[in-house]
Asks: 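Please see the structure below; I have some questions.
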Amino acid sequence: MEENVRAGRCVVAVDGPSGSGKSTVSRRLAAGLGARYLDTGAMYRAITWAVLRSGVDLADAAAVGKVAEEVELRIGTDPQGYGVTVDGVNVDREIRGPEVTGAVSAVAAVPAVRALLVARQRELITHAGRIVVEGRDIGAVVAPDADLKVYLTASEAARARRRSAEDAVDVAATAADLARRDRLDSTRTVDPLRQSADAVELDTTELGIDEVVDRLRGLLTERGVA
């Protein structure tokens, strides 16, 4: 994709809870902008996979942080097809499994893990120049000077329905898991899930992906950075 990346800086920060449409919207927006795409959640999932593989106690913050420091994490930024590897092993499928999903909030709450990955994310953003970054603390922490900050949300029912369709699991079970993760991510001590004060909030409950992307493109055009 290198030859398709346009010139000029453009950083878009897309935050919000699981099931709000962040990933699909961010990838499609990045492709349309000729920009890079960074899934910060995949980075936390990759570290979680490594921690689970190591067998250390999730409650042992020092041990979890040590694993994060020692593994070699690589993530692509091509919106058409990025890959995640840990110590040279592709973990694209593994990091989306239920074991990682169940543990990622605990690992992401470890201050050492967050400090390490936030620094890495900032490096990737600086190198890319034009990039759409999605996560939970992008506008508030990772890229506070982003050209556009967006907070995507949706009703609990819509979020559960979308995520259960993606994962082919029961809607009720998905809703309970999303509520659990929202609670953990919103109450952690370091960099909790929250909406940046200057972010544009967009409820995607009744909107299709193309509608959401079009609205974001319009906001970027207004700012002169599309």
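Computation of the quantities below employed the complete heavy-atom set of this structure, encompassing side-chain atoms and omitting hydrogens, waters and symmetry-equivalent molecules.
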Asks: For Cys10 and Leu220, what are the C-alpha separation, side-chain angles and deciding distance, and is it a side chain to side chain contact (heavy atoms under 4.5 Å, CB included)?
Replies: CA-CA 9 Å; Cys10 179; Leu220 286 168; 4.1 Å; yes
Asks: Quick one: CG on Asp198 to NZ on Lys149, what's the gap to the nearest 0.5 Å?
Replies: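 Atom-to-atom, Asp198:CG and Lys149:NZ are 3.5 Å apart.
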Asks: Using the rule given for side chain to side chain contact (heavy atoms under 4.5 Å, CB included), can you reason through Val86 versus Ile47, listing the C-alpha separation, both sets of side-chain angles and the distance that settles it, and then say yes or no?
Replies: CA-CA 8 Å; Val86 175; Ile47 294 298; over 6 Å; no
Asks: Between Gln80 and Tyr37, do the side chains contain a donor N or O and an acceptor N or O under 3.5 Å apart?
Replies: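 No, no side-chain donor-acceptor pair sits under 3.5 Å.
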Asks: Group every Ile, Leu, Val, Met, Phe, Trp and Tyr by side-chain heavy-atom contacts under 4.5 Å, then state whether Leu124 and Leu116 land in the same group.
Replies: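 Hydrophobic grouping puts Leu124 apart from Leu116.
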Asks: Which distance, rounded to the nearest 0.5 Å, do you find between the CZ of Arg45 and the CD1 of Ile95?
Replies: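 Separation between the atoms: 7.0 Å.
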Asks: State which residues pass salt bridge (charged side-chain N to carboxylate O under 4.0 Å, His left out) with Arg159; sequence neighbours excluded, sorted by chain then number.
Replies: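 Partners of Arg159 under the salt bridge (charged side-chain N to carboxylate O under 4.0 Å, His left out) test: Asp182.
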Asks: A side-chain contact here means heavy atoms from C-beta on lying under 4.5 Å apart; do Val213 and Arg217 qualify?
Replies: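 The answer is yes; the side chains approach within 4.5 Å.
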Asks: Would you list the atom pairs, donor with acceptor, under 3.5 Å between side chains in residues 63-70 and any protein atom, with sequence neighbours excluded?
Replies:
| residue | atom | partner | partner atom | Å |
| --- | --- | --- | --- | --- |
| Lys66 | NZ | Glu70 | OE2 | 2.5 |

Asks: Of all the heavy-atom pairs spanning Gly34 and Arg130, show the shortest one and how long it is.
Replies: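 Of all heavy-atom pairs spanning Gly34 and Arg130, the closest is O-NE, 4.2 Å.
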Asks: To the nearest 0.5 Å, tell me how far Ile209 CD1 sits from Thr204 OG1.
Replies: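 One finds 7.0 Å between CD1 of Ile209 and OG1 of Thr204.
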Asks: Applying side chain to side chain contact (heavy atoms under 4.5 Å, CB included), run through Leu216 and Val132 and close with a yes or a no.
Replies: CA-CA 11 Å; Leu216 300 190; Val132 178; over 6 Å; no
Asks: For Arg74, check salt bridge (charged side-chain N to carboxylate O under 4.0 Å, His left out) against everything at least two apart and list the hits.
Replies: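 Arg74 satisfies salt bridge (charged side-chain N to carboxylate O under 4.0 Å, His left out) with Glu72 once adjacent residues are dropped.
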Asks: Please identify each residue that fulfils salt bridge (charged side-chain N to carboxylate O under 4.0 Å, His left out) with Asp145, with sequence neighbours left out.
Replies: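 Expected list: Arg9.
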Asks: Which heavy atom in Val110 sits nearest to a heavy atom in Ala61, and how many Å separate them?
Replies: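 Looking at all heavy atoms of both residues, the closest pair is CG1-O, 3.7 Å.
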Asks: Taking only residues two or more places apart in sequence or in another chain, which ones pass side-chain contact (heavy atoms from CB on, under 4.5 Å) with Thr126?
Replies: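 Here no residue qualifies.
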Asks: Please check if the number of heavy atoms outside Glu211 that lie under 6.0 Å from its CD is greater than 12.
Replies: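 Yes, because the 6.0 Å sphere around CD of Glu211 holds more than 12 heavy atoms from other groups.
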Asks: Hey, are the side chains of Val14 and Ile138 touching, using non-hydrogen atoms and a 4.5 Å cut-off?
Replies: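 They are not in side-chain contact.
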Asks: Go through the structure and list residues passing side-chain contact (heavy atoms from CB on, under 4.5 Å) with Asp214, not counting sequence neighbours.
Replies: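 By the side-chain contact (heavy atoms from CB on, under 4.5 Å) rule, Asp214 matches no residue at all.
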Asks: Taking only residues two or more places apart in sequence, or in another chain, which ones meet Ala103 in a side-chain contact (heavy atoms from CB on, under 4.5 Å)?
Replies: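 Per chain and number, Ala103 pairs via side-chain contact (heavy atoms from CB on, under 4.5 Å) with Thr48, Leu52, Leu58.
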Asks: If you look at every heavy atom in Ser155 and Asp203, which pair is closest and at what distance?
Replies: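 Taking every non-hydrogen atom into account, N-OD1, 4.5 Å.
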Asks: Once you round to the nearest 0.5 Å, how far does CD of Glu134 lie from CZ of Arg27?
Replies: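 Taking CD in Glu134 and CZ in Arg27, the distance rounds to 7.5 Å.
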Asks: For the OG1 atom of Thr77 and the CD1 atom of Ile125, what is their distance to the nearest 0.5 Å?
Replies: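 CD1 of Ile125 is found 11.0 Å from OG1 of Thr77.
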Asks: Could I get the full list of side chain to side chain donor-acceptor pair (under 3.5 Å) partners for Asp210, not counting sequence neighbours?
Replies: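 Only Arg28 meet the side chain to side chain donor-acceptor pair (under 3.5 Å) criterion with Asp210.
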Asks: Begin from the C-alpha positions of Thr40 and Val142 and carry the test side chain to side chain contact (heavy atoms under 4.5 Å, CB included) through to its verdict.
Replies: CA-CA 10 Å; Thr40 64; Val142 179; 5.6 Å; no
Asks: Tell me every residue that passes salt bridge (charged side-chain N to carboxylate O under 4.0 Å, His left out) with Asp60, counting only those two or more places apart in sequence or in another chain.
Replies: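 Not a single residue meets the salt bridge (charged side-chain N to carboxylate O under 4.0 Å, His left out) criterion with Asp60.
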Asks: Under the ring-ring contact (aromatic ring centres under 6.0 Å, His included) definition, can you give me all pairs with a residue in residues 89-119, not counting sequence neighbours?
Replies: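 Those involving residues 89-119 do not exist here.
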Asks: Could you check if a side-chain atom of Asp147 sits within less than 4.5 angstrom of a side-chain atom of Val12, using non-hydrogen atoms only?
Replies: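 Heavy-atom side-chain distance check fails, nothing below 4.5 Å.
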Asks: Should Gln121 and Val133 count as side-chain neighbours, where that means a heavy-atom distance under 4.5 Å?
Replies: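 When only atoms from C-beta onward are counted, Val133 and Gln121 do not touch, as no gap falls below 4.5 Å.
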Asks: Any side-chain heavy atom of Arg53 within less than 4.5 Å of one from Val91?
Replies: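 Answer no - side chains too far apart.
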Asks: Is there a side-chain contact between Leu207 and Leu202 in this structure, where contact means two heavy atoms from C-beta onward sitting under 4.5 Å apart?
Replies: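 Leu207 vs Leu202: side chains touch.
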Asks: Please report the closest heavy-atom contact between Gly139 and Ser196, naming both atoms and the distance.
Replies: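 For Gly139 versus Ser196, the nearest heavy atoms are O-OG, 3.9 Å.
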Asks: Are any non-hydrogen side-chain atoms of Thr101 and Arg96 less than 4.5 angstrom apart?
Replies: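 A side-chain contact under 4.5 Å is absent here.
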Asks: Minimum heavy-atom separation for Ala154 to Thr205, with atom names?
Replies: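 Result for this residue pair: CA-OG1, 3.2 Å.
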Asks: Looking at Tyr82 and Asp92, what are the two nearest heavy atoms and their distance?
Replies: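 Heavy atoms of Tyr82 and Asp92 come nearest at O-OD2, 3.9 Å.
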Asks: Does a sphere of radius 6.0 Å around CD in Glu201 hold more than 12 heavy atoms from other residues, nucleotides or ligands, not counting ones at 6.0 Å or beyond?
Replies: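 Enclosed: over 12 neighbouring heavy atoms sit under 6.0 Å from CD of Glu201.
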Asks: Working to the nearest 0.5 angstrom, can you tell me the gap between Leu38 CG and Asp78 CG?
Replies: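 Here the rounded value is 12.5 Å.
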Asks: Indicate yes or no for a side-chain donor-acceptor contact from Asp15 to the backbone of Tyr151 under 3.5 Å, with no hydrogens or angles considered.
Replies: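 Side chain of Asp15 to backbone of Tyr151, a donor-acceptor pair under 3.5 Å: no, none is there.
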Asks: Taking side-chain contact (heavy atoms from CB on, under 4.5 Å) as the definition, give me every residue that meets it alongside Ser20, ordered by chain and number, with sequence neighbours left out.
Replies: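 Ser20 satisfies side-chain contact (heavy atoms from CB on, under 4.5 Å) with Pro17, Lys22, Leu152 only.
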Asks: Could you name each residue pair satisfying ring-ring contact (aromatic ring centres under 6.0 Å, His included) that touches residues 201-226, not counting sequence neighbours?
Replies: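 Qualifying pairs, neighbours excluded: none.
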